[in-house]
Structures are given as C-alpha cells and as structure tokens.
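When a ligand or atom number is given, it counts from 1 through the structure's own listing order. Positions are given from 1 along the sequence. These numbers come from a predicted model, not from an experiment.
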Amino acid sequence: MQCCSSPNATVCVVDATSSEDVSALYAPWLERRWHVVTCNKKVNSGNLEYYTRCMDATKNGGGKWFVEATIGAGLPIVSTLRTLVATGDEIESVQGIFSGTMSFLFNTWDGESAFSETVALAKAAGYTEPDPREDLNGLDVARKVVIAARECGVALSLDDVVVQSMVPSELASCSADEFLERYAENDAAMAQAAANASKKGCVLRFVGHVDVKARSASVRLVEFAKAHPFATLSGADNIFEIKTARYGPTGGSTPLIVRGPGAGAAVTAAGVFGDIVGLAKNLSLA
Ligand SMILES: NC(=O)C1=CN([C@@H]2O[C@H](COP(=O)(O)OP(=O)(O)OC[C@H]3O[C@@H](n4cnc5c(N)ncnc54)[C@H](OP(=O)(O)O)[C@@H]3O)[C@@H](O)[C@H]2O)C=CC1
Ligand SMILES: N[C@@H](CC=O)C(=O)O
C-alpha cells in the first residue's frame, strides 16, 4: 500500500472489510509502526502464528492494534476481558449469544413460518456476514469464541472449537446467491427442531461457550426455558455472561453480564470509531 510522503507521518489503517487480502497486511503495517483499527475478525481469530506475529509487533514498539468491534460490535467485550485479566481476576468461562444474526433469527422467527425468510430479513438489516453461511454454519460465532478465548489467555484456534452447523452439507459449497435461493430446503428441519423444543416449553438459541479452565470451546444450538436470560433477548442483541473468581458462583456473586445490540452498521461503526478515538487519546492527539 502506498501512503504518505513523510516516513514519520502517523498512519492508522481502518479495516472494515472481511477480506484476508487486507488482513494479511496487518503484520507488515504494525511492524512499520502503522496503527490498525479493525472490525475484521480474520487475524485475531485466525492462524495462531500470524496472530502472535501481530501481537508481538504491537507489544514490541510497533503500531497499536485495536480490535474491539470484532466481538459484540460496539459492546465493550475486549476491553472488559482485558481489564479483568489486567486486574488479576481469573476468568472461568465466557458464554452467551455472540451473533447478532443468530440472535435476530431466533428472537424473530415464530418456529412455524419459513426460517429461510427470516434469514433474508437478517441479511437485509445488515446483520449477516457478506456470505450469511458464515453466520449459519457457526463460523462467525466460532471466530468470536476464539477471540474471547485468546483475550482470556487461552491460545485456541478455530479447529479447536466444536461447532454445530445449521447449513446442510449439500449447500456448503455453492455460491452465496444459490445458497440464499435454496436455503428454504432446510425449513422443514428447522421447524421440526423448534417444535421439539416447544413441546418442552423451551426455545432455541445459538450459543458460544469458552471454558477457560478446561481450555475448550463450543458453538451449539441449545434449548432454553423461556424465562432464561438467553431466551429473553430482542432484535440483534448479544449477551455475554462472564464468570470469574470475582464475578460468579466461585466469588459468591452473580456473573458479569454485558448485553445489547451486537450487529448492524451503527453499532459496528461506533465500535470502530471508539477505537479510533482511543488511539488518538493514546497518541495524545485528542
Ligand atoms: N455487519 C455487522 O454487524 C458487523 C460486521 N463486522 C465485520 O465487519 C466487516 C464488514 O462487514 P459488513 O460491513 O457487514 O460487510 P459488507 O459486505 O457490507 O461490507 C464489506 C465491504 O468491504 C469491501 N471490501 C471487500 N474486500 C475489499 C478489499 N480487498 N479492499 C477494499 N474493500 C474491500 C466491500 O466492497 P465491495 O462491495 O466493493 O466488494 C464492502 O464495501 C466484516 O469483517 C464483519 O465480520 C463486525 C461486527 C459487526
Ligand atoms: N455477522 C455478525 C456481524 C458481527 O460480528 C453477527 O451477526 O453478529
């Protein structure tokens, strides 16, 4: 990338794509002391060696790397986990609904109408990944699970996460457009799963879970009683339940909960802009 005539200029690259062509440049940017603000999850949930190279660059005098919007969009998840770790708390688990798309789908769908039509609504609202299969197959939540685990000091990779996909194997490799046209083929299976849950007085929710102590993680469709906090969200809300030595049963307390909209243009832009303001303050420019 060509940029700036002065070698001493302060440079901040803001990555609002989901492109690996872009994220593959983070390490050289950070190593030349360019700062990176991103909502693209490809590096902090990706190849561990490359992630470590970026972390090492930022720790060893390189540019600063801000990633708050990669999990929970504008919600304070990375900053909360970092504060807990920095203040000596011991994080035991992080569990919840980490996807705005999946939250919207199960908060909005009535269990009887076509599930695939609710997917089209989520895409139109700007909640989904550019290819909505990355939400439905659990990959987006798995990425967030890896991001949360790494922030808790557990060096997991995507391959370590046990993931339940909601994309039938025959639709896994067609084009995104063909997938959207054909996802209705899965409506009957979804209606059956919702009916099974409903018979038990439950609803379906798509849950990410990091067990910090066991150093393991999963992404699963789970049945919850209708009064459970995970069952009472609305819209594209995310919920993160963080259990630690201070917050949670071990500390004789309730868990720390962060809840609110976790996808959509406005809240994602707010997360990115918050990081840009944080960088400016850090550099004494604001
Ligand atoms: N949507 C949300 O609520 C949230 C999204 N994110 C993350 O934000 C990122 C963007 O998501 P979203 O805005 O929904 O996706 P969109 O598809 O709406 O936007 C992606 C944009 O990136 C551009 N782009 C893609 N590749 C390149 C490239 N190589 N160089 C320059 N521009 C490129 C696209 O341009 P073009 O159309 O011309 O290809 C498009 O404008 C993703 O990484 C996503 O995970 C994070 C938190 C929440
Ligand atoms: N597709 C993602 C966007 C934010 O990360 C989601 O639905 O949560």
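Residue contacts with ligand 1 for Lys42 are absent, since no atom lies close enough (heavy atoms, distance under 4.0 Å). At a heavy-atom cutoff of 4.0 Å, ligand 2 is contacted by both the backbone and the side chain of Thr101. Here Asp140 has no heavy atoms under 4.0 Å from ligand 1, in either its backbone or its side chain. At a heavy-atom cutoff of 4.0 Å, ligand 2 is contacted by the side chain of Lys41 but not by its backbone.
Side chains of Val13 and Tyr26 form no contact here, defined as non-hydrogen atoms less than 4.5 Å apart.
Nearest protein heavy-atom contact of atom 20 (C) of ligand 1 is Ala16 O, 4.0 Å. What sits closest to atom 4 (C) of ligand 1 on the protein, heavy atoms only, is Thr268 OG1, 3.4 Å. Of all protein heavy atoms, the one lying nearest to atom 31 (C) of ligand 1 is Thr17 CG2, 4.0 Å.
Considering backbone and side-chain N/O atoms, Lys144 comes within less than 3.5 Å of an N/O atom of ligand 2. In terms of polar-atom proximity, Met102 is not counted as a contact of ligand 2, lacking any N or O under 3.5 Å from an N or O of the ligand. Any N or O atom pair closer than 3.5 Å counts here, and Asp21 shares no such pair with ligand 1.
Ionic pairing of Arg53 and Glu31 is present here: one or more N-O contacts between side-chain nitrogen and carboxylate oxygen are shorter than 4.0 angstrom.
Ligand 2 has at least one atom lying under 4.0 Å from a heavy atom of Ser99.
Residue Ala69 approaches ligand 1 through these ligand atoms, each under 4.0 Å from one of its heavy atoms: 46 (C), 47 (C). Using a 4.0 Å cut-off to heavy atoms of Ala263, the atoms of ligand 1 that qualify are 3 (O). Applying the 4.0 Å criterion to heavy atoms of Gly126 picks out, from ligand 1, the atoms 1 (N), 2 (C), 3 (O). When each atom of ligand 2 is checked for a heavy atom of Thr128 under 4.0 Å away, the hits are 1 (N). Residue Gly264 approaches ligand 1 through these ligand atoms, each under 4.0 Å from one of its heavy atoms: 2 (C), 3 (O).
The option from Ser19, Ala269, Cys39 that lies nearest to atom 7 (C) of ligand 1, judged by heavy atoms, is Cys39.
A donor-acceptor pair under 3.5 Å is formed between the side chain of Tyr50 and the backbone N or O of Ala24.
A perpendicular orientation is assigned to the rings of Phe115 and Trp109, their planes being inclined by more than 60° (bins at 30° and 60°).
The shortest heavy-atom contact between Asn238 and Phe98 is OD1-O, 3.3 Å.
No side-chain N or O of Ser18 forms a donor-acceptor pair with one of Glu129 less than 3.5 Å apart. For the residue pair Tyr127/Asp135, the side-chain donor-acceptor check at 3.5 Å is not satisfied.
Among the candidates Leu75, Leu256, Ile97, Ile257, the single residue satisfying the side chain to side chain contact (heavy atoms under 4.5 Å, CB included) test with Phe240 is Leu75.
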